[in-house]
Every structure is written in structure tokens, then in C-alpha cells.
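Report on the following structure.
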2 protein chains.
Amino acid sequence: MNPPRRVRLQDIADSLGLSVNTVSRALAGKSAVSERTRALIKAEAERLGYVPNSVARSLVLGSNMTIGVVITNPSNPFYARLISAIEQRSRALGYSLLLMVSEENEENERRAVETMMRWGVDGALVVPVQTEVDHLRRLTSAGTTVVLVNRELSGFSCDLVGIDYRQGAYDATTHLLDSGAEHLCLLEEDLEISPVKARIEGFREALAERGVPEDAVSVLRVPTRRREARALPWEPNESYQLARELVGQLPRRSGILVGNDYFALGVYRAVTEAHRTIATDVAVVGFGDHPFSAYLMPALSSVRLPAEQVGRAAVDQLVARLSKRESPDAYTTVRYSCQLVVRDSSIASSPAQSPPGGG
Amino acid sequence: MNPPRRVRLQDIADSLGLSVNTVSRALAGKSAVSERTRALIKAEAERLGYVPNSVARSLVLGSNMTIGVVITNPSNPFYARLISAIEQRSRALGYSLLLMVSEENEENERRAVETMMRWGVDGALVVPVQTEVDHLRRLTSAGTTVVLVNRELSGFSCDLVGIDYRQGAYDATTHLLDSGAEHLCLLEEDLEISPVKARIEGFREALAERGVPEDAVSVLRVPTRRREARALPWEPNESYQLARELVGQLPRRSGILVGNDYFALGVYRAVTEAHRTIATDVAVVGFGDHPFSAYLMPALSSVRLPAEQVGRAAVDQLVARLSKRESPDAYTTVRYSCQLVVRDSSIASSPAQSPPGGG
DNA sequence: GTGAAAGCGCTAACAT
DNA sequence: ATGTTAGCGCTTTCAC
């Protein structure tokens, strides 16, 4: 059997004794076609199983209704949710998605940008790896609209849709203090990216505001080795090792804020193995509110991240830019606030201390 | 500033006083160009910032080095891993990825197939929603190579790369029996898909082999409502509700196998709330070996799924087919085996019953 | 070794 | 209302 050649406009035109042009217009819904021939053409297209050739269409139109998405790691639950949201919204607006993964690697990101330029995607949604921006600049100056997602980048002006991690960390820290924690520790990823910086800021800000002394505060970096190929950033083992060391020297009434719910798993194990109790001895709050967090024992308090909102808004922002022909003179930055979900891991650590039958 | 028009072969040719053709051949690495001009051309291309137009190239070549991927839900950790693996391997082989999400919805899958036909992707990797196959047939008969991933489909012949869920369930069930469980229950997703069927088979097979009486066995379906928009299949609440009812009537020495680690979270909570103990009273084994499972207390035994192998193999299988020009006369089915990881949730439930100091 | 010409499938401008 | 022509950027004959 020879390869079944694809049905073209020409085939429909021939079969009906019309010109390609008429067929094109009829199927495109343009006005200059009689309803009779249009019906005829549609029927014939249906009969022959005609499928428009997007590649040819894109070549002449110069646009291909495609959005390039560059993500650092789809296995990270947050980015998985983000991809879902982006795909859903893009699909609703008629855009296809070219997915690229940078693996926290600058070189991969460069190649992704190159790919997008080759394909001439209409727009790009990028979670940038780091601070290098020259390739992104090339991309925009080649006429591609770029919207940064989740991570901010100084020295590169474009729209950004992100999350107010500072506020999230601030709220979580304040909550830990309200729950009675006096010694605070932040366990963070070891990447130099804006979400981490913002969380540290929010953490510090809350503590300063309450006048917590410097020596009662520490920020520790978990060696996630994200940049090593195939390393899972959320493998709890690293945070477990770190928490083991930490837990020995942990004073009473301490609170730990972790930059990722997976880190909390390591903390839980370390604390439990040291025969101390989450919540009572050590209050814990996570980031991400992963589905498992509500089901840990005790249930983990966590800062919920609006991945769906961010994904949707990023697509909307991108598409809005595309409809405006000219290059913008001002860029938008949107940071969605995140919401602390209080559960058992951070409830006030004192109730057991009230004397039974007292009062 | 007027839109910066993209650099074409023509621009390089003009700038060097050559023909488009020569430039094309030079950059394509063809032989019929003198080394001197080739160097000149490459330098000029570099200088002007030339980026090949993949759309134009695809139109003439009829192939675009693109693979269409249709996934039911990227937020599902298993599919997230699968996407990662597929992307990584595709990238290594020079293919771009068109990502589409079906949301367990037949209509979306149809649209995804339509999109792939429009773009004329070289091949398609599909996790099929259900049993409908007419659109997939159209896709293949239009000349697109299809490889099914993770879910099997009767009535549609093509290559398939999947997982031996039957074997996984068989091993897990045997293990539960070996651990002393006498009353067995399987908590499964409520989708009519091959992985679920295979797990039920494996479960039943192991029990039959050991002569476990029918009335000591049950298979329950968790109403995951996957098909409802935005419903998270792994939201543990449904399994929690189900397990609550179950746990009241659970005899001693029972074992629960769940089709998804997230279900185990619901079971853990229900069992704990009923003042019974995981492992001792109820042995539990999960499926998926999600990162959190090893950190539950007690640590969850689970069947590890080779998502990375499957993703990589699926791409390799697809690309292998693409290199063979003619339509195949035989299709390959590969099922990767999965490995049970035994942890504390399913250790023998009897040690505490041996009389202290006895023997 | 290089150039001229044709054409991939489609749409837009300009006829008629 | 329909047909003709041109051209998107590239590759592939086929000349020279």
C-alpha cells in the first residue's frame, strides 16, 4: 500500500470543478461565496476527509497559533499543575503548546529558545533558569512575545505572572510566632531564584517586625542538587539529613518553615526519630500544599500556591499582548497572593500544658 | 519601531552576492559547496543572526521533527514523570513536542488527534482515554505513526509500551498473603482502563493460586470522578470515605491493596481514626511509589512504576517506526515489569503476638 | 561549484 | 460570486 497522500484544497477543488481559492474561502467562512457552493464544498471536504495543513497555513500567515512553554521540571508537582493550567487555557483559546524542559540548565533553556525561534511560535511562557537573559532578549527582539512565569528576572523587561512568595512566607512565619514558636528556622532550596529570595525576605521581615532576636533565627539551605541530571528536587532525603542535624540542637518552642512540602517529610521523620513531637515540640509549616500534606499525621500546615491562577493568567496575559500589534511601552507584573492553610502541625504548642481539671 | 523582520536565506544570499540555493546547501552541510564560500556563508549567517524557518522547511520536506503527545492529566505524578521522560528522550533525538491533554475526555482526545493531523506530526504518543478508536484509526491511515502508552486498547493495532500491572498486583497480593493477611481488599480507580483491569486480574490470580476463599476477598471502586473537569484523581478524600466504611467491618489479619498511593493516604487516616494500626491490624500496599510514600508513618510499601523506562521506550519505539518507511506487518507490545518496594506498612503482622519470653 | 526554476499547501490581492 | 496570480521560506531537480 502506497503512502496515502493527504487531501488538499486542490483535491476538493478538482473534484467539484472549482478553484482552490473558492474552496479556501468557503472553508474559512469568508463572505464572498454563495451558500450553495459553500455547502457543496463543505460536504465534499467532509467526504474526502480534508484536514487543513497548519504548516502551510502558518507559512503564509506568519503566525501559527502556537505557544512555546519552557518549564524547568514537569515532575515537580507545582509545575505539573502549572502545565495543566497553561494547557487548559491555551486549548480554550485555540493555541497549541510546544513543550520544552530546561532541567534547571542554562544550555537547555538556550536550545529551547532556539527551537521557539525556529518554529516562530506566537508567544513564549518561560520559567527562567537563572539570571542569563541574552537569549531571551534575542527572542523578544525577533518579535516573539515573552511572558515570564513564577520566577522574576532582573535586567529583562517583560510581563510577568508570579506568586507573592514574600507574603506567603510572611504569613506563615507570623503564624508560627502566634502559635508560640520562639526559635525559628527556614529550610530552603539552594537555588538562587526569586521565589527563594522572596520567601527568605518574608520570613526575615515577619521576625524583624516581632523583634525576634537574630540568634533565635536561622536559614538553612537544602542541597537539592536540582541541576544534576535526573535529580528530584523534592526527594525528601536531603532535608531529612539536614533536619537530623538540626533536631539535636533544637530548643523548646521552635518552629520550622520549609520552602517545599517535600522538605517537611524529611523533617517529620527526623523529628519523630529523635522522639520529639511535631506541633508540640516543633511546629512545622510547608509550602505548596501538596495533596498528601493534609493526610500526614499530624496534618501539615502549608502555604497553598495558586498554580492554576498563575497558569491561566500567564496565557491570558500573553494572548492579550499578541492582540496588541505594537511593542508595549510598559510591562505588567502580577503576583498572586498565596493562602496559608493551617492544620495540626502548627497549632499552639501549649494546650497539653494546661493542668487537667484546672480552672 | 517596525516589526523586525526575520532573517532569511535570501538576506544572506543578497549580502554575499550568492544565490539562495548555495546558501541553503552550505548551511545544510551538503557537499556541492566550496569550503571557502561555506565559511563565508556561515559567518554571515551568524552575523545576521539567521535562524532557520522550521515551518517553511516542514512544508517542503513533509516532515517536521515533531511528536504529538496526548496525556490524560499531567498533574498525575505518574504522567508527570512520563512527560519528563518523553520530553527528555525526544529532545535527545532532536524532536519537538506538541503537548495535548485529554482530561479523560473522549472529545478532547478527538480534538487532540485533529490537531496532530493539522500539524502533520511525525508521530503520536497517546495515552488513550477509553475504547473509542475511530479517530486513532484515521490518524494512522493518514500516515501518522501512533504508539500507545500505558493503556491498552483492543480493536486497534499499533505498537504499545506499557507496564505489567498484572504482575505488579500479583506480587503485591502475594506479599500481603505472605505477611499474614487473610482477608484481602483491593481499592481501585473507577475507570474502565487496562491498568485497572490488569491489577484486578493479578490480584485475583494471586488469591486463587493460594486458595483464598471468595468471601474473604473484595474489590472496591473509588469514585474518583476523573472525568469531571478539574477533579484531581488522587484527592485522597474519596478513598478516605470509602475506607471509613470499610474499616468498621474489617476482620483481623486483613490486607488492603490500593491502585494508587494517594488512596493509601485515605486508608491511613480512616484506619488511624478507627484506633486501629496500619501494618499490625491492616497491612497496606500501594501503587506508584510516590516520593511521599517512603516518608509516611509507617512507611508505605508500594509497587514502583517504571515511568522513565516507559517514556523513553515509547519514544524509541516511535522513532524506530519512523525510520522504517513502509507500514509494518507486525506490532510490538512491551510491558515493563514493576517492582514491589516493601516497607513497614505491610510487614508481617504477627511478631507482637508471639508470647514474650516464649520458646 | 553555483544558479535558475519549480513547488510544498495555503491565503491575500487583484481581476473578472 | 468565482478565478487568476503571486508569494510565504525553504529544498530539490536540473542546468551550466
Side-chain angles (χ1 to χ4, degrees), chain A residues 3-42 44-45 48-66 116-122 142-143, chain B residues 3-42 44-45 48-66 116-122 142-143:
Chain A
R5 216 185 28 64
R6 195 166 160 176
V7 179
R8 302 155 304 157
L9 290 183
Q10 187 66 256
D11 300 320
I12 302 175
D14 289 353
S15 158
L16 253 41
L18 291 167
S19 79
V20 206
N21 192 337
T22 308
V23 178
S24 170
R25 280 188 319 233
L27 294 177
K30 306 266 171 157
S31 53
V33 183
S34 80
E35 280 314 312
R36 216 183 75 80
T37 40
R38 189 193 301 277
L40 239 60
I41 288 171
K42 280 192 171 169
E44 189 65 6
L48 294 176
Y50 171 72
V51 177
N53 185 329
S54 288
V55 173
R57 194 159 197 280
S58 299
L59 185 59
V60 45
L61 291 182
S63 150
N64 54 18
M65 290 302 278
T66 294
M116 292 194 285
M117 294 186 69
R118 284 174 186 262
W119 279 106
V121 298
D122 290 348
Chain B
R5 219 186 26 64
R6 194 165 159 176
V7 179
R8 303 154 304 158
L9 290 183
Q10 188 66 256
D11 300 320
I12 302 175
D14 290 351
S15 158
L16 252 41
L18 292 168
S19 79
V20 208
N21 192 343
T22 307
V23 177
S24 170
R25 281 188 318 233
L27 295 177
K30 304 268 171 159
S31 54
V33 183
S34 80
E35 280 314 313
R36 216 183 77 80
T37 40
R38 189 192 300 276
L40 240 60
I41 289 171
K42 281 191 170 169
E44 190 64 6
L48 295 175
Y50 171 73
V51 176
N53 186 328
S54 289
V55 173
R57 193 159 199 279
S58 299
L59 184 59
V60 45
L61 292 182
S63 149
N64 54 17
M65 290 301 279
T66 294
M116 292 193 286
M117 295 186 69
R118 283 173 187 262
W119 278 107
V121 298
D122 290 347

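Everything quoted here is computed from the prediction, not taken from an experiment. A, B, ... follow the sequence lines: proteins, then strands. Residue 1 opens every chain.
Taking the side chain to side chain contact (heavy atoms under 4.5 Å, CB included) definition, one finds that B:N64 meets it with A:V55, A:W119, B:S58, B:T66, B:D122, sequence neighbours left out. Applying the side chain to side chain contact (heavy atoms under 4.5 Å, CB included) criterion to B:R118, with sequence neighbours excluded, gives A:V51, A:P52, A:S54, B:E114. Take B:R38 and apply the side-chain hydrogen bond (donor to acceptor under 3.5 Å, both in side chains) test, not counting sequence neighbours, and it matches B:E35. Every residue two or more places apart in sequence or in another chain that forms a side chain to side chain contact (heavy atoms under 4.5 Å, CB included) with B:A45 is listed here: B:I12, B:L27, B:Y50.
Among the atoms of the strands shown, only primed sugar atoms or phosphate atoms (P, OP1, OP2) are found under 4.0 Å from some heavy atom of A:T37. Residue-level contact check: B:G120 touches neither bases nor backbone, having no heavy atom under 4.0 Å from any strand.
At whole-Å resolution of the value, CZ in A:R5 and P in C:dC8 are 9 Å apart. At whole-Å resolution of the value, CZ in B:R118 and P in C:dG9 are 16 Å apart.
Counting non-hydrogen atoms of other residues, nucleotides and ligands closer than 6.0 Å to CZ of A:R57 gives a total of 12 or fewer.
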So which protein nitrogen or oxygen atoms get under 3.5 Å of nucleotides 10-14 of chain D's nitrogens or oxygens?
unit_1: D:dC10; atom_1: OP1; unit_2: B:Y50; atom_2: OH; d: 2.6
unit_1: D:dC10; atom_1: OP1; unit_2: B:N53; atom_2: N; d: 3.4
unit_1: D:dC10; atom_1: OP2; unit_2: B:L9; atom_2: N; d: 2.7
unit_1: D:dT11; atom_1: OP1; unit_2: B:R57; atom_2: NE; d: 2.8
unit_1: D:dT11; atom_1: OP2; unit_2: B:S24; atom_2: OG; d: 2.7
unit_1: D:dT12; atom_1: OP2; unit_2: B:K30; atom_2: NZ; d: 3.2
unit_1: D:dT12; atom_1: O4; unit_2: B:N21; atom_2: ND2; d: 3.2
unit_1: D:dT13; atom_1: O4; unit_2: B:N21; atom_2: ND2; d: 3.2

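Checked against D:dA1, D:dG3, C:dG1, the side chain of A:L18 finds its nearest nucleotide in D:dG3.
Residues in residues 24-34 of chain B take part in these side-chain hydrogen bond (donor to acceptor under 3.5 Å, both in side chains) pairs, two or more places apart or across chains: B:N21-B:R25, B:S34-B:T37.
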